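Presented below is the structure to which this report refers.
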2 protein chains.
Amino acid sequence: MQYKTRMTKQKKVIMDLLEGTDIHPTADWVYEEARKILPDISLGTVYRNLRVLTETGIIQELNYGSTYSRYDGNPDPHYHFICKVCGRVLDVPIEIWESLNEEVEDATGWIVEQHRLEFSGVCTVCKNKTMS
Amino acid sequence: MQYKTRMTKQKKVIMDLLEGTDIHPTADWVYEEARKILPDISLGTVYRNLRVLTETGIIQELNYGSTYSRYDGNPDPHYHFICKVCGRVLDVPIEIWESLNEEVEDATGWIVEQHRLEFSGVCTVCKNKTMS
DNA sequence: ATAGGTGCAAATGTTTTGCTGTCAA
DNA sequence: TTGACAGCAAAACATTTGCACCTAT
């Protein structure tokens, strides 16, 4: 991203979709939803914009533990939880551990710029289904 | 994995390779190294064994932040650091945060079974190269 | 003896890219 | 006006799988 980006209608739709959902969607979900608004949008365009938006820091890409990425309209650091039953990705309502990077720096001598923390288990919905 | 597994020479070689390295190799690295010992081994066999060994809990698969997996001969929980300059994956010499899953359970009501923590930045080698 | 494993090659699923035409700034 | 971006389709890439043969138990 060393040049200016344009606000195309395709990019706008993708940004709006991501801002309006909390399901941490896949590229394909974004594509299918975007097609409802712009029927001629291509999957390549969706991927290109997701990448540009990620590089610009407007969204973030999540890619732990599966063969495909998910995208999060919230670029602020926060932790995620994956339900191993339904596959849903949820935000974890705990604070960021601010001092952690520094602690690892002190222990190792590396430059530690960020950390990612991801939980897995069973979400409330699936937990209740299992019990009934 | 509901049936018994056999110890084939292919699986033995793959296990030995993973036990003998700390570079958290990719499937392709394992394949290339295994071919030096068993020239006719196939990439499919490497993938099949890596999967079986992962499911059996003998090794672990690492798949954060890239388009391909790495494999770790050490199945015990520990944290990793990825150098964004050289791509190396290193073990982080800090203790596992034992109570963390429980804290998230208390905050959310979910069943939290595990967590993964991954750091990124610049390793010592690359840090020194940058300075010179 | 037999069922799990192998090698090979084709298939799969996700993401990227080359090309030509289009449109936002 | 012009160069960043679109659509389309082909390619790239990591990984999985079907099949016929092989081999550990």
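All values derive from a computational prediction rather than experimental measurement.
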> Among residues 15-33 of chain A, which contact DNA chain D at a heavy-atom distance under 4.0 Å?
Replying inline: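 Nothing qualifies; none.
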> So which heavy atom on B:Lys127 is nearest to which on A:Ile111, and how close?
Replying inline: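 Minimum heavy-atom separation between B:Lys127 and A:Ile111: CD-CG1, 3.4 Å.
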> What are the two closest heavy atoms between B:Cys83 and B:Cys123, and how far apart are they?
Replying inline: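 That closest heavy-atom pairing would be SG-N, 3.4 Å.
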> Same cluster or not: are A:Val85 and A:Phe81 linked, directly or through other Ile, Leu, Val, Met, Phe, Trp or Tyr residues, by side-chain heavy atoms under 4.5 angstrom apart?
Replying inline: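 Cluster IDs for A:Val85 and A:Phe81 differ.
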>> Using the rule that Ile, Leu, Val, Met, Phe, Trp and Tyr join whenever any side-chain heavy atoms are under 4.5 Å apart, tell me whether B:Ile82 and A:Leu117 fall into a single cluster.
In response: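 No; A:Leu117 is not reachable from B:Ile82 via cluster members.
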> What string of B, S and - do you get for nucleotides 20-25 of chain C, 5' to 3', if B is base contact, S is sugar-phosphate-only contact and - is no contact with any protein heavy atom under 4.0 Å?
Replying inline: ---BBS
> Any side-chain heavy-atom pair from B:Trp110 and B:Val104 closer than 4.5 angstrom?
Replying inline: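 B:Trp110 vs B:Val104: side chains touch.
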> Is there a side-chain contact between A:Ser66 and A:Tyr64 (heavy atoms, below 4.5 Å)?
Replying inline: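 SC-SC contact between A:Ser66 and A:Tyr64 ruled out.
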> Between the axis at one end of the helix from C:dA1-D:dT25 to C:dA25-D:dT1 and the axis at the other (five pairs apiece), what's the angle to 10 degrees?
Replying inline: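 The helix from C:dA1-D:dT25 to C:dA25-D:dT1 shows an end-to-end axis angle of 40°.
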Rounded distance in Å - [atom1] ([X]) to [atom2] ([N]):
| X | N | atom1 | atom2 | answer |
| --- | --- | --- | --- | --- |
| A:Asp40 | D:dC5 | CG | P | 20 Å |
| B:Asn49 | D:dT17 | CG | C1' | 15 Å |
| A:Ile41 | D:dC8 | CD1 | P | 11 Å |
| A:Leu50 | D:dA6 | CG | P | 11 Å |
| A:Arg51 | D:dC5 | CZ | P | 13 Å |

> With a cutoff of under 4.5 Å between side-chain heavy atoms, which Ile, Leu, Val, Met, Phe, Trp and Tyr residues group with B:Tyr31?
Replying inline: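 Besides B:Tyr31, the hydrophobic cluster comprises B:Met7, B:Val13, B:Ile14, B:Met15, B:Leu17, B:Leu18, B:Ile23, B:Trp29, B:Val30, B:Ile37, B:Leu38, B:Ile41, B:Leu43, B:Val46, B:Tyr47, B:Leu50, B:Leu53, B:Ile58, B:Ile59, B:Tyr71, listed by chain and residue number.
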> Within the structure shown, what part of the strands sits under 4.0 Å from A:Leu43 by heavy-atom distance: base, sugar-phosphate, or nothing?
Replying inline: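 A:Leu43: base contact, heavy atoms under 4.0 Å.
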> Roughly how far, to the nearest 0.5 Å, is CZ of B:Arg48 from OG1 of B:Thr8?
Replying inline: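 Rounded to the nearest 0.5 Å, the OG1-CZ separation comes to 10.5 Å.
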>> Can you tell me how far apart CZ (A:Arg70) and CG (A:Asn63) are? Round to the nearest 0.5 Å.
In response: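 Output value for this atom pair is 12.0 Å.
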>> Enumerate the salt bridge (Lys or Arg N to Asp or Glu O under 4.0 Å) contacts for residues 97-122 of chain A, please, sequence neighbours excluded, ordered by first and then second residue.
In response: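 Listed by first then second residue: A:Glu113-B:Lys84.
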> Quick one: salt bridge (Lys or Arg N to Asp or Glu O under 4.0 Å) pairs with a partner in residues 6-16 of chain B, sequence neighbours left out?
Replying inline: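 Passing the test, one end in residues 6-16 of chain B: B:Lys12-B:Asp16.
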>> The criterion is side chain to side chain donor-acceptor pair (under 3.5 Å); which residues satisfy it with A:Glu33, sequence neighbours excluded?
In response: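 Side chain to side chain donor-acceptor pair (under 3.5 Å) list for A:Glu33, sorted by chain: A:Lys36.
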>> Run the side chain to side chain donor-acceptor pair (under 3.5 Å) test against A:Ser69 and tell me which residues pass, sequence neighbours left out.
In response: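 Side chain to side chain donor-acceptor pair (under 3.5 Å) check on A:Ser69 returns A:Glu61.
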> Within the pair B:Asn63 and D:dA14, is there a side-chain N or O less than 4.0 Å away from OP1 or OP2?
Replying inline: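 False: B:Asn63 side-chain N/O out of range (4.0 Å or more) of D:dA14 OP1/OP2.
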> Would you say a side-chain N or O of B:Gln10 is under 4.0 Å from OP1 or OP2 of D:dT23?
Replying inline: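 Answer is no, no contact under 4.0 Å.
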For residues 87-97 of chain A, please give each side-chain donor-acceptor pair under 3.5 Å, one per line with the distance, not counting sequence neighbours.
residue, atom, partner, partner atom, Å
A:Asp91, OD1, A:His24, NE2, 2.9
A:Asp91, OD1, A:His78, NE2, 3.2
A:Asp91, OD1, A:His80, NE2, 3.3
A:Trp97, NE1, A:Ser99, OG, 3.3

> Quick one: on DNA chain C, does B:Gly44 or B:Lys11 contact a more 5' nucleotide (nearest heavy atom)?
Replying inline: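 The answer here is B:Lys11.
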Nucleotide N/O to protein N/O under 3.5 Å, stretch nucleotides 12-14 of chain C:
none

> Sequence neighbours excluded, which residues qualify as salt bridge (charged side-chain N to carboxylate O under 4.0 Å, His left out) partners of A:Arg35?
Replying inline: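 Only A:Glu32 meet the salt bridge (charged side-chain N to carboxylate O under 4.0 Å, His left out) criterion with A:Arg35.
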Polar atom pairs between nucleotides 10-12 of chain D and protein, under 3.5 Å, N or O only, would you list them?
none

> Is a donor-acceptor contact shorter than 3.5 angstrom present between the side chain of A:Arg48 and the base of D:dG7?
Replying inline: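 By the distance-only test, yes, there is a pair.
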>> Nearest heavy atom decides the nucleotide; on that basis, is A:Thr45 or B:Arg70 closer to the 5' end of DNA chain D?
In response: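 Here A:Thr45 is the residue nearer the 5' end.
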